[in-house]
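Each remark here refers to the structure printed beneath this line.
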Amino acid sequence: MSNIYLSARTESFTESVIREMTRRINIVGGVNLAQGFPDFNPPEELLDAAIQAMRDGYNQYSITWGSPRLRQAICEKVDWHNNIKADPDKNITVTCGATEAMMSAMLAIINPSDEVIIFEPYYENYGPDTIVSGAKPVYIPLIEPDFHFDPEVLKAAFNDHTKAIIINTPHNPSGKVFTIEELELISELCNEHDVLVITDEIYEHILFNGLPHVSPASVSGLGDRTITISGMSKTYSATGWRIGWTIAPEHITNAIRKVHDFLTVGAPAPLQEAGVVALQMPRDYYSKLSKFYNHKKETLLWALTDTGFKPFVPKGAYYMLTDISAFGFESDVEFALHLINKIGVATVPGSSFYSTRELGCNKIRFAFCKTEDTLGKAIERLNKLKVT
Ligand SMILES: Cc1ncc(COP(=O)(O)O)c(C=O)c1O
């Protein structure tokens, strides 16, 4: 059938490379270190709370912008963890994951000809988010090995069309954690040019070596111009529950709520109730989570280095981006396909995180949010690659 039936918008999307790698590894029956979902369950008490919520009758639409109990729990948690003061009635919108939160936020603020600054490499959804909302993306390189940005390059990117800058800290795929100095510079520029910040903090509880999480909204000058996005997926190992949220000034929240209502009506009602139990977990749950992932990071780091990779050591999140030059392949995609078909391990080709594919063609990304057993199997297979 002819493509005349399809929108130009969708024509410009490519299939998610991450999902494609998952499909291919499932065909050969290998180990999936491509997609960023844990291969283990959320904490038991959350499972019990979800079942109980269904039994208690939370099975119909919740209030569009989120269950009052969950919005209250979000406000209490961001007060102690993020240093953000929020009002459950004015500032919070519960969405279907951070994914919908980002799309609703963009649709709520973008007008034709608006530009949005994105640091690259970037989480691959930000590309389609800008296309659907009609924004023009302006990419700022993060420079290896520590993925800092050049302040002069960032300054030069701000102009009269700039509507927003997207920050993702801790960062997927690099593991970068934005420093307070970087956030202060961003605050200065956003205030000078009247620009909003959209910050994706879905990995806010996975940081290594005692690094603290700093929410951009808590940085001087950014409180009134920041949309903070987070959710349950990564912190509570519940990517399938689809619970996320935005925290934003009241007038922006009102716009986000309208978009969210028409996109999805609401997030799953019983899982929002279970979310209250999640957000009220004892505080040592979070320090244990970081330690849990730090151990996996160290295991993978050692194994990849031993095999001949040159990994970039992540400061947070649960991915490891690595240089693959030592293996002498033509491209990242060719190498990733070799890993799937000959070694039995799925990864993500680096080029899927860049606007210009060449920039990522000497890298791949491993996800380490997997059981010891899964990681062990992957490492055993990767041993076959050893450069001797
Ligand atoms: C940076 C980033 N933001 C958002 C998401 C998706 O979050 P959610 O499951 O809440 O939609 C991911 C998932 O991998 C991610 O890496």
Side-chain angles (χ1 to χ4, degrees), residues 16-22 32-39 42 46 66 70 74 92-107 116 118-130 132 137 142 147 164-178 197-207 213 215-216 227-247 256 259-260 263-264 266-268 271-272 274-275 278-279 293 314-321 346-348 350 352-354 365-370:
S16 158
V17 179
I18 300 180
R19 277 183 281 282
E20 186 194 337
M21 293 296 142
T22 296
N32 187 355
L33 299 191
Q35 229 172 339
F37 63 84
D39 60 348
L46 302 198
L70 180 58
I74 292 168
I92 309 287
T93 311
V94 178
T95 57
C96 295
T99 302
E100 195 234 325
M102 180 59 81
M103 187 63 88
S104 293
M106 297 277 280
L107 288 170
V116 171
I118 300 176
F119 294 99
E120 82 174 335
Y122 55 87
Y123 171 52
E124 64 169 359
N125 276 30
Y126 301 157
D129 287 336
T130 54
V132 169
L142 292 174
F147 295 93
I165 177 167
I166 297 180
I167 299 173
N168 170 213
T169 185
H171 184 253
N172 173 11
S174 72
K176 173 187 174 65
V177 172
F178 280 72
V197 170
I198 309 178
T199 160
D200 178 344
E201 298 172 34
I202 195 82
Y203 299 103
E204 62 182 310
H205 285 289
I206 306 174
L207 282 94
H213 174 68
S215 281
I227 303 172
T228 303
I229 292 174
S230 194
M232 289 184 63
S233 284
K234 315 291 177 170
T235 304
Y236 307 104
S237 308
T239 59
W241 284 25
R242 313 309 304 129
I243 305 286
W245 51 83
T246 61
I247 307 166
I256 292 173
V259 178
H260 161 70
L263 281 180
T264 65
L271 304 182
Q272 291 192 54
L279 280 123
Y293 279 119
K315 293 194 166 77
Y318 51 45
Y319 305 100
M320 201 170 289
L321 199 60
T347 60
V348 182
S352 39
F353 303 109
Y354 289 85
R365 189 200 74 178
F366 289 86
F368 55 83
C369 45
K370 308 294 170 184

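Numbering of ligands and ligand atoms starts at 1, following listing order. Because the structure is a prediction, the values reported are computed rather than measured.
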(Q) Using the ring centroid of each side chain, check whether Tyr203 and Tyr319 are separated by less than 6.0 Å. (A) yes
Q. Judging by distance only, is a nitrogen or oxygen of Tyr126 under 3.5 angstrom from one on ligand 1?
A. no
(Q) How far is atom 7 (O) of ligand 1 from the closest protein heavy atom, and which atom is that? (A) Ala98 CB, 3.6 Å
Q) Taking all atoms of both residues into account, what is the closest heavy-atom pair of Ala346 and Met21, and its distance? A) CB-O, 4.1 Å
Q. Does Phe37 come within less than 4.0 angstrom of ligand 1, counting non-hydrogen atoms of the residue?
A. no
Q: List the steps and the verdict of ring pair (Phe, Tyr, Trp, His ring centres under 6.0 Å) for Phe147 and Phe119.
A: CA-CA 10 Å; Phe147 295 93; Phe119 294 99; over 10 Å; no
Q. Is there at least one pair of N or O atoms, one from Thr99 and one from ligand 1, spaced under 3.5 Å apart?
A. yes
Q: Output the list of atoms in ligand 1 that are nearer than 4.0 Å to some heavy atom of Gly97, sorted by atom number.
A: 10 (O), 11 (O)
Q.
If I take atom OG1 from residue Thr235 and atom CD1 from residue Ile206, how far apart are they, to the nearest 0.5 angstrom?
A. 6.0 Å
Q.
Can you name the atoms of ligand 1, numbered from 1 with element, that are less than 4.0 Å from a heavy atom of Arg242?
A. 8 (P), 9 (O), 11 (O)
Q. Checking Asn125 side chain against Asp129 main chain: does a donor-acceptor pair fall under 3.5 Å?
A. no
Q: Considering heavy atoms of the protein only, find what lies nearest to atom 1 (C) of ligand 1 and give residue, atom and distance to 0.1 Å.
A: Asp200 OD2, 3.4 Å
Q. Any idea which part of Tyr319 is under 4.0 Å from ligand 1, heavy-atom wise: side chain, backbone, both or neither?
A. side chain
Q: Output the distance between atom CD1 (Ile243) and atom OH (Tyr236), rounded to the nearest 0.5 Å.
A: 12.0 Å
Q: Please examine the side chains of Val94 and His260, heavy atoms only from C-beta on, and report whether any two atoms are closer than 4.5 Å.
A: no
Q) For atom 13 (C) of ligand 1, what's the nearest protein heavy atom and its distance? A) Lys234 NZ, 2.9 Å
Q. Looking only at heavy atoms, what is the nearest atom pair of Tyr122 and His171, with distance?
A. CA-NE2, 4.3 Å
Q. Does Ser233 have a heavy atom less than 4.0 Å from any atom of ligand 1?
A. yes
Q: List every atom of ligand 1 that sits less than 4.0 Å from any heavy atom of Asn168, numbering the atoms from 1 in the order shown and giving each element.
A: 1 (C)
